S.K.: 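The structure under discussion is supplied below as structure tokens; questions concerning it will follow.
Fair warning: this is a prediction, and the values are worked out from it, not measured in the lab.
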Amino acid sequence: MGTQVNTPPADNYAAFILRLEAAASNLGKRAKAVDKAVSSVSLLLEKYQVALLGWERRRARVSEELDRYSGEPQTYATLAELHDTAVKMVSTRRTQALRIAEKLRRLQAQREAVGQSLRELEASRAKLTSARRLSRDRENLNRVIYQLAGPRSGPTTRDQGLRNDLREARQAVILAEALMEVKGT
């Protein structure tokens with residue numbers, strides 16, 4: 001009879017872990033870009049809100065001047081024109097600020113989605129790494145048990161206590177594997 005070569009099974013976990021790490025790396029780059037965009041758009045929104053507030057104040061001051069003015073009609077017409085301009089600018093700035101605020105909300109939603117995906121990828125990587133370690137431990141335990149018990153067709157172990165202990169160990173391994181499969185790890 002030929003000798004049996006005991007080669008370890010291929011490590012299927014490594015490919016999946018590498019794939020998860022590559023996806024996390026790509027998403028990490030995306031997260032940095034989205035963070036920069038959120039910062040930039042936040043700053044822009046702040047500037048537009050300050051400009052809106054300035055135009056609202058101008059409109060209010062010109063409106064007060066118009067209400068109190070009792071002088072020449074030409075000056076009144078100029079104040080009325082300034083008031084109309086301020087009203088238009090308030091409307092324009094408000095529309096711009098709302099558009100920018102909506103863009104900021106979309107970017108924040110993207111940042112949250114990317115962050116959630118990164119957390120899920122990390123959890124999956126941790127589970128796979130743990131399952132990989134458990135698989136290796138099971139393989140090592142089975143190899144040790146096999147070596148202690150010796151081949152089934154070979155000479156039998158005279159120590160009945162050892163045989164019982166080995167049988168119990170095999171049963172425990174089988175039950176642990178079944179439990180892990182049921183739990184989904």
Side-chain angles (χ1 to χ4, degrees), residues 5-63 82-146 169-170 172-185:
V5 178
N6 212 4
T7 59
D11 185 1
N12 294 329
Y13 292 101
F16 288 108
I17 290 171
L18 286 174
R19 191 170 178 182
L20 286 171
E21 288 172 348
S25 174
N26 290 338
L27 272 180
K29 292 173 189 171
R30 177 70 60 141
K32 287 178 184 176
V34 171
D35 280 343
K36 282 183 181 180
V38 166
S39 295
S40 298
V41 172
S42 294
L43 185 61
L44 184 64
L45 178 59
E46 185 179 315
K47 288 183 179 192
Y48 272 84
Q49 288 172 333
V50 168
L52 172 61
L53 185 59
W55 279 107
E56 286 174 341
R57 287 181 185 150
R58 284 184 198 103
R59 184 197 47 79
R61 274 197 321 256
V62 171
S63 182
L82 282 173
H83 184 264
D84 290 343
T85 300
V87 167
K88 289 177 186 173
M89 289 306 292
V90 164
S91 175
T92 300
R93 292 292 184 210
R94 182 173 285 123
T95 300
Q96 291 169 334
L98 288 173
R99 235 184 13 246
I100 293 168
E102 180 57 33
K103 177 69 173 174
L104 180 60
R105 279 190 288 280
R106 284 194 308 268
L107 285 170
Q108 289 168 332
Q110 284 179 1
R111 179 173 57 185
E112 180 56 35
V114 168
Q116 179 65 30
S117 290
L118 281 171
R119 289 186 293 276
E120 289 171 0
L121 283 170
E122 180 56 32
S124 293
R125 189 187 65 73
K127 286 179 184 177
L128 272 177
T129 301
S130 176
R132 181 186 202 185
R133 269 190 246 118
L134 287 172
S135 175
R136 286 180 180 165
D137 289 348
R138 273 184 264 147
E139 289 170 14
N140 290 337
L141 181 60
N142 283 334
R143 187 173 34 255
V144 168
I145 290 172
Y146 179 76
R170 279 194 191 114
V173 168
I174 291 169
L175 289 173
E177 288 174 353
L179 178 62
M180 288 174 33
E181 296 228 357
V182 168
K183 294 268 185 174
T185 56

S.K.: Throw together a table of side-chain donor-acceptor distances under 3.5 angstrom for residues 101-118, partners on residues two or more places apart or in other chains.
M.R.:
residue: Glu102; atom: OE1; partner: Arg105; partner atom: NE; Å: 3.3
residue: Glu102; atom: OE1; partner: Arg105; partner atom: NH2; Å: 3.1
residue: Glu112; atom: OE2; partner: Arg119; partner atom: NH2; Å: 3.0
residue: Gln116; atom: OE1; partner: Arg119; partner atom: NH2; Å: 3.0
residue: Gln116; atom: NE2; partner: Glu120; partner atom: OE2; Å: 3.1
residue: Ser117; atom: OG; partner: Ala113; partner atom: O; Å: 3.2

S.K.: Quick check for you: to the nearest 0.5 Å, what is the distance between Ser124 atom OG and Ile17 atom CD1?
M.R.: 11.0 Å
S.K.: May I have the step-by-step check of salt bridge (charged side-chain N to carboxylate O under 4.0 Å, His left out) for Glu122 and Arg125, ending in yes or no?
M.R.: CA-CA 5 Å; Glu122 180 56 32; Arg125 189 187 65 73; 2.7 Å; yes
S.K.: Please report the interatomic distance CG(Leu45) to CD1(Ile100), rounded to the nearest 0.5 Å.
M.R.: 6.0 Å
S.K.: Within this structure, what is the CG-OH distance for the pair Leu134 and Tyr13, rounded to the nearest 0.5 Å?
M.R.: 8.0 Å
S.K.: Rounded to the nearest 0.5 Å, what's the gap from CG on Leu98 to CD on Gln96? Could you check?
M.R.: 10.5 Å
S.K.: Taking only residues at least two apart or on different chains, which pairs with a member in residues 37-62 satisfy side-chain hydrogen bond (donor to acceptor under 3.5 Å, both in side chains)?
M.R.: Glu56-Arg94
S.K.: Sequence neighbours left out, what pairs pass salt bridge (charged side-chain N to carboxylate O under 4.0 Å, His left out) with at least one residue falling in residues 20-32?
M.R.: none
